[in-house]
Enquirer: 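So that we are looking at the same thing, I have put the structure below in structure tokens.
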Amino acid sequence: MLYEEMMMDSSTLLKFKLFKKIMFLGSQSYPIAVIASDMNLNYQQTVIDLTDIDKELAAMNPDHQSILLGGGKINCQNLSCTMDEYRYQLLKSSVPFQFILYFLNEEAPTIDDFCVKFYASRSTVSRKIAKLKRYLKDRHLRFTYTEAGMSGDERVIRLALFDLLWLGVRSIEWPFTVSEETADRLVEGYAKYFPLARTYVGRHELKFFAAIFYQRIQKNKFVRYDQAYNFLMEDNSYYDF
């Protein structure tokens, strides 16, 4: 299952696919009818979705020039953001994505509080996170609701949180309540253990990992002891063997 299919509802996913389609067309004047035909869509609904995309791009960038032309055509070269930026904009209104950020960032997360903050019923939340629940079940993880969160092997939880957030955000902005400076200090302290830290993207990925680990530890979510971790403690003034 593709990431977008798991994290977006059908209407949001359609807008993302339309954006992706017109980005690769690159034409200054392209018929909307051809796009609708290529994607097996209703023409009128395609116009409505393209109009929504245009409004969202204008909200993201005050200098945006409309993609809509007269005569049922669009200017594909007027897309004023990257695919990752637009996808992240869509994810900001995605229930599965926002639920993950909510229980990671909030001090005392509950499903009822999430429903109030995001104007959704419990049944709506359950329906919209169904695909994500199936994905997590394959990794022996599940959502909890009394205290909103995730249960299972803490190591796998942290990896899953990283995958789901990194693929959505990709360093477009900092989505955590812990400061970037704190995450940077953690990365500096442990970078020598990770060859990943030698690359530009790897450094950003480690910072995301550090933020997730820090916030899980702050909530007393600890990894079960394993002797394989001893190398992290042998030259560490916080531990005395």
Side-chain angles (χ1 to χ4, degrees), residues 1-17 56 84 86-180 182-183 186 205-226 229:
M1 184 188 303
L2 293 175
Y3 179 83
E4 294 82 14
E5 293 174 349
M6 184 168 63
M7 303 298 281
M8 296 177 183
D9 59 32
S10 57
S11 60
T12 305
L13 180 61
L14 178 56
K15 285 198 294 185
F16 176 72
K17 287 180 176 179
E56 288 164 348
D84 281 347
Y86 183 64
R87 182 175 64 164
Y88 183 55
Q89 180 70 17
L90 295 177
L91 287 171
K92 286 182 177 180
S93 60
S94 158
V95 169
F97 189 80
Q98 290 305 321
F99 186 62
I100 290 169
L101 276 180
Y102 168 78
F103 74 70
L104 184 62
N105 284 329
E106 287 289 324
E107 287 188 15
T110 68
I111 187 63
D112 291 332
D113 182 56
F114 177 80
C115 289
V116 170
K117 287 186 175 180
F118 292 91
Y119 306 102
S121 65
R122 276 188 176 230
S123 59
T124 298
V125 173
S126 180
R127 175 171 52 82
K128 291 196 172 186
I129 66 174
K131 291 180 182 177
L132 181 55
K133 283 168 66 176
R134 289 196 293 272
Y135 168 82
L136 294 174
K137 185 177 180 181
D138 290 341
R139 286 146 186 82
H140 307 291
L141 303 177
R142 66 181 183 86
F143 285 126
T144 58
Y145 300 106
T146 302
E147 176 191 351
M150 201 182 286
S151 67
D153 186 327
E154 181 62 24
R155 293 171 296 183
V156 183
I157 288 175
R158 295 182 188 186
L159 286 170
L161 289 172
F162 171 78
D163 288 342
L164 294 168
L165 292 176
W166 175 257
L167 288 173
V169 182
R170 294 181 186 246
S171 286
I172 291 170
E173 69 177 35
W174 186 247
F176 307 106
T177 51
V178 60
S179 69
E180 287 192 68
T182 298
L186 288 169
E205 289 177 339
L206 276 180
K207 192 158 73 169
F208 263 59
F209 263 124
I212 290 167
F213 284 28
Y214 180 85
Q215 292 193 194
R216 293 294 289 177
I217 291 170
Q218 289 293 99
K219 293 186 176 184
N220 297 320
K221 306 294 184 183
F222 299 109
V223 172
R224 190 173 55 199
Y225 176 73
D226 187 320
Y229 305 138

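What you are looking at is a predicted structure, and each value in this text was computed from that prediction instead of being measured. In this chain, numbering begins with 1 at the start of the sequence shown.
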Enquirer: I would like to know whether E56 and L90 meet side-chain contact (heavy atoms from CB on, under 4.5 Å); could you show each step before the answer?
Expert: CA-CA 9 Å; E56 288 164 348; L90 295 177; 4.0 Å; yes

Enquirer: Can you find a pair of side-chain heavy atoms, one from Y3 and one from Y135, that are under 4.5 Å apart?
Expert: no

Enquirer: To the closest 0.5 Å, what do you measure between OG (S121) and CZ (R127)?
Expert: 7.5 Å

Enquirer: Quick one, M6 and L167 - any side-chain contact, counting heavy atoms below 4.5 Å?
Expert: no

Enquirer: Decide if atom NZ of K17 counts as having more than 12 heavy atoms of other residues, nucleotides or ligands within a radius under 6.0 Å.
Expert: no

Enquirer: Hey, could you give me the NZ/CD distance between K219 and E107, rounded to the nearest 0.5 Å?
Expert: 8.0 Å

Enquirer: Is the distance from the ring center of F176 to that of Y214 below 6.0 Å?
Expert: no

Enquirer: Could you tell me the separation between the OG1 atom of T12 and the CD atom of Q89, rounded to the nearest 0.5 Å?
Expert: 11.5 Å

Enquirer: In terms of ring plane angle, is the pair W174 and F208 parallel, tilted or perpendicular, where the classes change at 30° and 60°?
Expert: perpendicular

Enquirer: Do the side chains of F143 and L136 get nearer than 4.5 Å, heavy atoms only?
Expert: yes

Enquirer: I'd like to know if K92 and E173 make a salt bridge, using a cut-off of under 4.0 Å between side-chain N and carboxylate O.
Expert: yes

Enquirer: Can you name the side chain to side chain donor-acceptor pair (under 3.5 Å) partners of D163, sequence neighbours left out?
Expert: none

Enquirer: Using atom types as modelled and distance alone, determine if a side-chain donor or acceptor of R87 lies under 3.5 Å from a backbone N or O of E4.
Expert: no

Enquirer: Using the ring of F162 (Phe, Tyr or Trp, six-membered ring only), decide whether R158 places NZ or CZ under 6.0 Å from its centre and within 45 degrees of its axis.
Expert: no

Enquirer: Where do K207 and A183 come nearest, in terms of heavy atoms and distance?
Expert: CG-CB, 3.5 Å

Enquirer: Is the count of non-hydrogen atoms from other residues, nucleotides or ligands lying under 6.0 Å from F222 atom CZ greater than 12?
Expert: yes

Enquirer: Counting only heavy atoms not in R142, do more than 12 sit closer than 6.0 Å to its CZ atom?
Expert: no

Enquirer: Kindly give the heavy-atom pair with the smallest separation between A211 and V178, and that separation in Å.
Expert: CB-CG1, 3.7 Å

Enquirer: Please report the shortest heavy-atom distance between F99 and T144, naming the atom on each side.
Expert: CZ-O, 4.3 Å

Enquirer: Check the pair S93 / F118 against side-chain contact (heavy atoms from CB on, under 4.5 Å), numbers first and verdict last.
Expert: CA-CA 9 Å; S93 60; F118 292 91; over 6 Å; no

Enquirer: Can you see which heavy atom on Q215 is nearest to which on L104, and at what distance?
Expert: NE2-O, 3.0 Å

Enquirer: Is any side-chain heavy atom of R155 less than 4.5 Å from a side-chain heavy atom of D226?
Expert: yes

Enquirer: How long is the gap from CD1 on I100 to CG on L132, to the nearest 0.5 Å?
Expert: 5.0 Å

Enquirer: Provide the closest heavy-atom pair for V223 versus E154 in the form atom of the first, atom of the second, distance.
Expert: CG2-CG, 3.7 Å

Enquirer: If you define the side chain from C-beta out and look only at heavy atoms, does anything of L161 sit under 4.5 Å from R216?
Expert: yes

Enquirer: Nearest 0.5 angstrom please: T124 OG1 to I129 CD1, how far?
Expert: 11.0 Å

Enquirer: Sequence neighbours left out, cut at 3.5 Å: what donor-acceptor pairs do the side chains of residues 108-115 make with other protein atoms?
Expert:
residue: T110; atom: OG1; partner: D113; partner atom: N; Å: 3.1
residue: D112; atom: OD1; partner: R122; partner atom: NE; Å: 3.1
residue: D112; atom: OD1; partner: R122; partner atom: NH2; Å: 3.2
residue: D113; atom: OD2; partner: Y102; partner atom: OH; Å: 2.6

Enquirer: Kindly indicate, with the supporting measurements, whether the criterion side-chain contact (heavy atoms from CB on, under 4.5 Å) is fulfilled by F97 and L164.
Expert: CA-CA 8 Å; F97 189 80; L164 294 168; over 6 Å; no

Enquirer: Considering residues, nucleotides and ligands other than E180, do more than 12 of their heavy atoms fall under 6.0 Å from its CD?
Expert: yes

Enquirer: Taking E106 first and then K117, would you say they form a salt bridge - that is, a charged N and a carboxylate O separated by under 4.0 Å?
Expert: yes

Enquirer: Rounded to the nearest 0.5 Å, how far does NZ of K133 lie from OG of S126?
Expert: 4.0 Å

Enquirer: Determine the minimum heavy-atom distance between P175 and N105, stating which atoms define it.
Expert: O-ND2, 2.9 Å

Enquirer: Would you indicate whether the side-chain heavy atoms of Y88 and R170 approach each other to under 4.5 Å?
Expert: no

